[in-house]
Amino acid sequence: MRCCLESLALKHRWVLAALEELTERRLETVRIVGGGSQNHLFCQLTADACGLRVEATALGNVVVQAVASGCLPDTAAGRRAIAASVEQKVFEPGVSADWDPAIEVFNELVEASGVL
């Protein structure tokens, strides 16, 4: 299980790095929604691997559906509604440099496999 969670955290770091390169913006927060948000080890590993703050809530899908149905104007309003109604768990990153050797191996495996 630990291997699976660490692999997912590394994939988050890989994807975030790609997003930052594409958008030329530095990301500051990862928001994990749905079932994964209830796994505190997963959320902490993601924060550590990415070196970013992780905010976790199980209500993300509800917000998306509320916006799609017109009950909320946008996701920002949904985030405010969640913050006002439930406690959001926040995970601060530890030393992300400890993950640098792992991401190098991960990058090599991704490149060798041709899988994005």
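Not measured: the values here are computed from a predicted model.
Residues Val62 and Val64 fall into different hydrophobic clusters, defined by Ile, Leu, Val, Met, Phe, Trp and Tyr side chains chained together at heavy-atom separations under 4.5 Å. Linking ILVMFWY residues whenever their side-chain heavy atoms come closer than 4.5 Å, directly or via other members, leaves Val33 and Leu5 in distinct clusters. The cluster map of Ile, Leu, Val, Met, Phe, Trp and Tyr, joined by side-chain heavy atoms under 4.5 Å apart, puts Met1 and Leu10 in the same cluster.
Sorted by first and then second residue, the salt bridge (charged side-chain N to carboxylate O under 4.0 Å, His left out) pairs involving residues 63-73 (not counting sequence neighbours) form an empty list.
The OG atom of Ser37 sits 12.0 Å away from atom NZ of Lys89, with the distance rounded to the nearest 0.5 Å. Atom OG1 of residue Thr57 and atom CD1 of residue Ile82 lie 4.5 Å apart, to the nearest 0.5 angstrom. Taking SG from Cys50 and CG from Leu16, the interatomic distance works out to 5.0 Å, rounded to the nearest 0.5 Å. Rounding to the nearest 0.5 angstrom, the gap separating the CG atom in Leu72 from the CZ atom in Arg79 is 12.0 Å. One finds the CG atom of Leu45 at 10.0 Å from the CZ atom of Phe91 (value rounded to the nearest 0.5 Å).
With sequence neighbours excluded, the residues that form a side-chain contact (heavy atoms from CB on, under 4.5 Å) with Val15 are Lys11, Leu19. Judged as a side-chain hydrogen bond (donor to acceptor under 3.5 Å, both in side chains), and not counting sequence neighbours, the contacts of Arg31 are Glu55. With sequence neighbours left out, the side-chain hydrogen bond (donor to acceptor under 3.5 Å, both in side chains) criterion links Arg26 to Glu20. With sequence neighbours excluded, the residues satisfying side-chain contact (heavy atoms from CB on, under 4.5 Å) with Glu92 are Arg53, Val90. Evaluation of the side-chain contact (heavy atoms from CB on, under 4.5 Å) rule for Leu8 yields Phe42 as partners, not counting sequence neighbours.
In terms of heavy atoms, Pro101 sits closest to Asp98 at CD-O, 3.6 Å. Closest approach of Cys43 to Gly36, counting heavy atoms only: SG-O, 3.7 Å. Annotation for Ser85 and Ala81: closest pair OG-O, 2.8 Å, computed over non-hydrogen atoms. Trp14 and Val110 get closest at one heavy-atom pair: CZ2-CG1, 3.8 Å.
A donor-acceptor pair is defined here as one N or O able to donate and one able to accept, closer than 3.5 Å; such a pair exists between the side chain of Asp48 and the backbone of Gly94.
You'll find the side chain of Arg13 stays beyond 4.5 Å of the side chain of Leu52, heavy atoms only.
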Exercise. Verify side chain to side chain contact (heavy atoms under 4.5 Å, CB included) between Thr46 and Ile32, making sure each step is shown before the conclusion.
Key: CA-CA 9 Å; Thr46 299; Ile32 297 179; 4.1 Å; yes
